[in-house]
Amino acid sequence: AHAVPNKSTLQILNNFLIHLEGNMLEISATDMDLGVNLNIEVNGLENGKVVVNAKKLQEVVKSLPNMPLSFTVEDYQVTIQSGSFVANLTGFDAMEFPALPTVSANTSLNISSSELSFLAEKTLFAVSNDITRMALNGVYLEHPEDRVSLIATDGHRLGKAEIELSGAAWDQGVIIPPKPLSFALRAVKPDTDLEVSMNDSHLCISTDNMQV
């Protein structure tokens, strides 16, 4: 839900994309800057995709007790049932939902969420909000040989932290906006294994069942 924009001229972004394939259910959301994929194992009956309003779906799910529910779609009509509770939501064609980018793992590093949280806590305070200096609107992640560091500055304050971490050194660093970094760290438990990978235009922070 953190990836669903509060206001958007693209109405399709106010929704979740729900994709079932086999027994794996994938739920996606994006505001075109932050994109999130969550994967959960379910008892799947028939493959398919549908787009459904994120706010309404959240309201329905939050009102339910922690018990099994069924989720069925017919002619874009979404029915959620749990015991005697039944809710119907109008869905949309999934073809209209923007595809989230796939980030190849040719440049990547493995780090625990606790280690990345330590680096973020020491640097995020210094990120600039000046939209005329976009290079300062994030934290700079670099991975020279045997260490990883995060650096941030707004021109007045400087935050820098580094830890020892073995692995193939990166040829270049990357600037990460604070929103996806903070979200990824809030969404996982301490000491969760993370993979951070990037290509020329995108960076992905992922676990076994989540991609940011």
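Sequential numbering from 1 along the given sequence is applied to the chain's residues. Computation of the quantities below employed the complete heavy-atom set of this structure, encompassing side-chain atoms and omitting hydrogens, waters and symmetry-equivalent molecules. This is a predicted model, so every value here is computed, not measured.
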- Query: If you draw a 6.0 Å radius around CE in Met134, do more than 12 non-hydrogen atoms from other residues or ligands fall strictly inside?
  - Reply: no

- Identify which one of Leu203, Leu181, Val212 satisfies the side-chain contact (heavy atoms from CB on, under 4.5 Å) criterion when paired with Val196. Leu203

- Query: Does some side-chain heavy atom of Phe92 sit less than 4.5 Å from a side-chain heavy atom of Val52?
  - Reply: no

- Verify side chain to side chain donor-acceptor pair (under 3.5 Å) between Asp146 and Ser166, making sure each step is shown before the conclusion. CA-CA 4 Å; Asp146 297 329; Ser166 60; 5.6 Å; no

- Message: Quick check against the 3.5 Å criterion: does Ser206 have a side-chain atom that pairs as donor or acceptor with the backbone of Met210?
- Response: no

- Assess whether side-chain contact (heavy atoms from CB on, under 4.5 Å) is satisfied between Ile151 and Leu158, documenting all intermediate values. CA-CA 7 Å; Ile151 306 166; Leu158 174 69; 3.9 Å; yes

- So among Thr79, Val50, Leu57, which one has a side-chain contact (heavy atoms from CB on, under 4.5 Å) with Leu89? Leu57

- Check whether the side chains of Thr132 and Asp130 place a donor and an acceptor atom closer than 3.5 Å, and report yes or no. yes

- Query: What distance do Leu141 atom CG and Ser149 atom OG have between them, rounded to the nearest 0.5 Å?
  - Reply: 7.0 Å

- Query: Quick one: are Leu119 and Ile163 in side-chain contact, heavy atoms under 4.5 Å?
  - Reply: yes

- Ion pair present between Arg147 and Glu164, side-chain N to carboxylate O less than 4.0 angstrom? no

- Is there a donor-acceptor contact under 3.5 Å linking the side chains of Ser108 and Asn110? no

- Query: Got a sec: does the CG of Asn129 have more than 12 other heavy atoms crowding it under 6.0 Å?
  - Reply: no

